[in-house]
Amino acid sequence: MPELPEVETVRRGLAPVLVGHSFKRVEQRRADLRFPLPQNFGARLRGRKVVSLERRGKYLIAHLSGGEVLLMHLGMSGRFTVHVPAKPGKTAGGRVSTAQSHANPKHDHVVFHMEQGAVVTYNDPRRFGFMLLIPAPELAHHPLMQGLGVEPLGPELTPDYLARRAAGKAVDLKAFLSDQRIVAGLGNIYVCEALFRAGLAPTRPAANLARKDGRPREHARRLAGALRAVLKDAVAAGGSSLRDYRRADGALGEFQHAFTVYDREDQACVRPGCRGTVRRIVQGGRATFLCPKCQR
DNA sequence: CCACAGGCCTGCAGGC
DNA sequence: TGCCTGCAGGCCTGTG
């Protein structure tokens with residue numbers, strides 16, 4: 001389930017084999033993912049160099065020579081696998097990947113063959129992910145980019161920002177934080193985790209963050225701090241559910257072992273001294289996990 | 001067989 | 001009228 005920490009982990013893994021390198025050949029094994037792939041996708045990428053690889057929210061953005069941008073989203077099940085060929089006379093190269101090693105090859109939809117030999121495979125069973133080619137000047141005005149909220153690990157995520165955006169909102173905190181127009185990159189897992197760290201109930205009205213007087217204002221501060229902390233920790237752990245590129249042994253991202261509430265229904269609250277039990281509720285048709293004793 | 005997982009868009013209905 | 005809100009549904013497939 002790629003959310004910001006997983007996408008950032010993917011970005012860091014892909015950057016060494018993509019940035020500064022050109023596409024030698026691109027295999028497109030089906031016409032569409034969530035959207036149709038760009039017309040003449042492979043031909044348009046061939047020979048282009050990747051100038052930089054950035055992340056914005058859950059999007060990966062590869063700036064290409066020739067003035068176009070490759071905009072990618074992993075949806076729910078998108079994974080990249082990197083295969084680096086052995087150097088002649090050196091130790092064997094290997095498979096270093098973000099993917100489960102048993103990923104079904106029938107869902108390998110796009111394969112990038114790079115000039116220097118790296119092979120980058122995009123696998124996506126559910127095909128909620130996508131790739132688009134956009135003229136660079138249009139990126140900022142693209143509907144998918146337009147209106148994206150602040151980067152939670154950047155300087156713009158402040159208590160004031162949260163309070164201002166929450167003002168007058170009737171939605172609950174779960175929906176408020178899940179809205180990519182407020183904060184870009186959060187998904188179900190990290191919304192649950194951040195609200196636990198902040199000690200705030202997911203059912204609480206977002207508008208309460210906006211009150212300037214007294215304790216409620218403290219909530220916006222706690223929430224901003226919790227969001228930053230949980231995402232920073234998760235990025236440092238290499239994400240939660242993806243293999244870490246930097247390891248040849250294929251160990252899992254470590255953060256899934258650090259979940260405090262997510263997927264822990266009926267288990268004891270991790271907060272020392274709390275005798276509470278993690279509960280699962282449904283909000284907006286999606287599971288929410290919380291400790292009712294810690295989160296008010 | 002079924003429910004569920006989750007990102008994100010669309011459509012619809014109700015309220016102010 | 002038009003916006004905000006909260007639903008449900010759809011896209012997909014693997015898993016239990």
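Side chains included, hydrogens not; waters and symmetry mates left out as well; all remaining heavy atoms used. Naming convention: chains lettered A, B, ... in sequence-line order (proteins, then strands); numbering from 1 in each chain.
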Which of Val110(A), Val120(A), Leu37(A) passes side-chain contact (heavy atoms from CB on, under 4.5 Å) with Val26(A)? It is Val110(A)
Are the charged groups of Arg165(A) and Asp179(A) less than 4.0 angstrom apart, N to O? no
base_contact_polar (dA5(B) base, Arg126(A) side chain, donor-acceptor, <3.5 Å): yes
Quick one: label Ala175(A) by what it contacts on the DNA or RNA (base, sugar-phosphate, nothing), any heavy atom closer than 4.0 Å. nothing
Can you see if the side chain of Gln180(A) gets near the phosphate of dC8(B) - specifically, an N or O under 4.0 Å from OP1 or OP2? yes
Rounded to whole Å, CD1 of Ile189(A) lies from P of dA5(B) at a distance of 12 Å
Among Asn123(A), Thr121(A), Leu60(A), which residue satisfies the side-chain contact (heavy atoms from CB on, under 4.5 Å) criterion with Phe80(A)? Leu60(A)
May I ask you to verify if any side-chain N or O of Lys106(A) is less than 4.0 angstrom from the OP1 or OP2 atom of dT13(C)? no
Arg286(A), nearest nucleotide to its side chain (from dT13(C), dG10(C), dC9(B)): dG10(C)
Any link between Val51(A) and Met145(A) through a network of hydrophobic side chains (Ile, Leu, Val, Met, Phe, Trp, Tyr) touching at under 4.5 Å? no
Without decimals, in angstroms, what is the distance between Phe176(A) CZ and dT5(C) C1'? 15 Å
Taking for each residue the nucleotide of DNA chain C with the nearest heavy atom, is it Gly168(A) or Gly285(A) whose nucleotide lies nearer the 5' end? Gly168(A)
Within the structure, does a side-chain N or O atom of His107(A) lie under 4.0 Å from either OP1 or OP2 of dG14(C)? yes
Nearest-nucleotide pick for Pro125(A), side chain only, options being dT5(C), dT13(C), dC12(C): dT13(C)
His73(A) vs dC8(B): side-chain N/O to OP1/OP2 distance below 4.0 Å: yes
Base, sugar-phosphate or nothing for Arg127(A)? Non-hydrogen atoms, less than 4.0 Å. sugar-phosphate
Take the protein atom CZ of Phe35(A) and the nucleotide atom C1' of dG7(B), then report the distance between them rounded to whole Å. 11 Å
For Leu144(A), report the nucleic acid contact type (base, sugar-phosphate, nothing); a contact means any heavy atom under 4.0 Å. sugar-phosphate
Nearest whole angstrom, please: distance from the C1' of dA5(B) to the CZ of Arg264(A). 19 Å
For the pair made of NZ in Lys169(A) and P in dG15(B), what is the distance, rounded to whole Å? 21 Å
Rounded distance in Å - CZ (Phe259(A)) to C1' (dA5(B)): 13 Å
Asp179(A) CG to dC8(B) P, straight-line distance once rounded to whole Å: 10 Å
Decide side chain to side chain contact (heavy atoms under 4.5 Å, CB included) for Leu162(A) and Val183(A); before the verdict, give the C-alpha distance in whole Å, the side-chain angles of both, and the deciding distance to 0.1 Å. CA-CA 9 Å; Leu162(A) 290 176; Val183(A) 179; 4.2 Å; yes
Distance, rounded to the nearest Å, where Arg30(A) contributes CZ and dC12(C) contributes P: 8 Å
Are dC8(B) and Phe128(A) stacked, with the base six-membered ring and the side-chain ring centres under 5.5 Å apart and planes under 30°? no
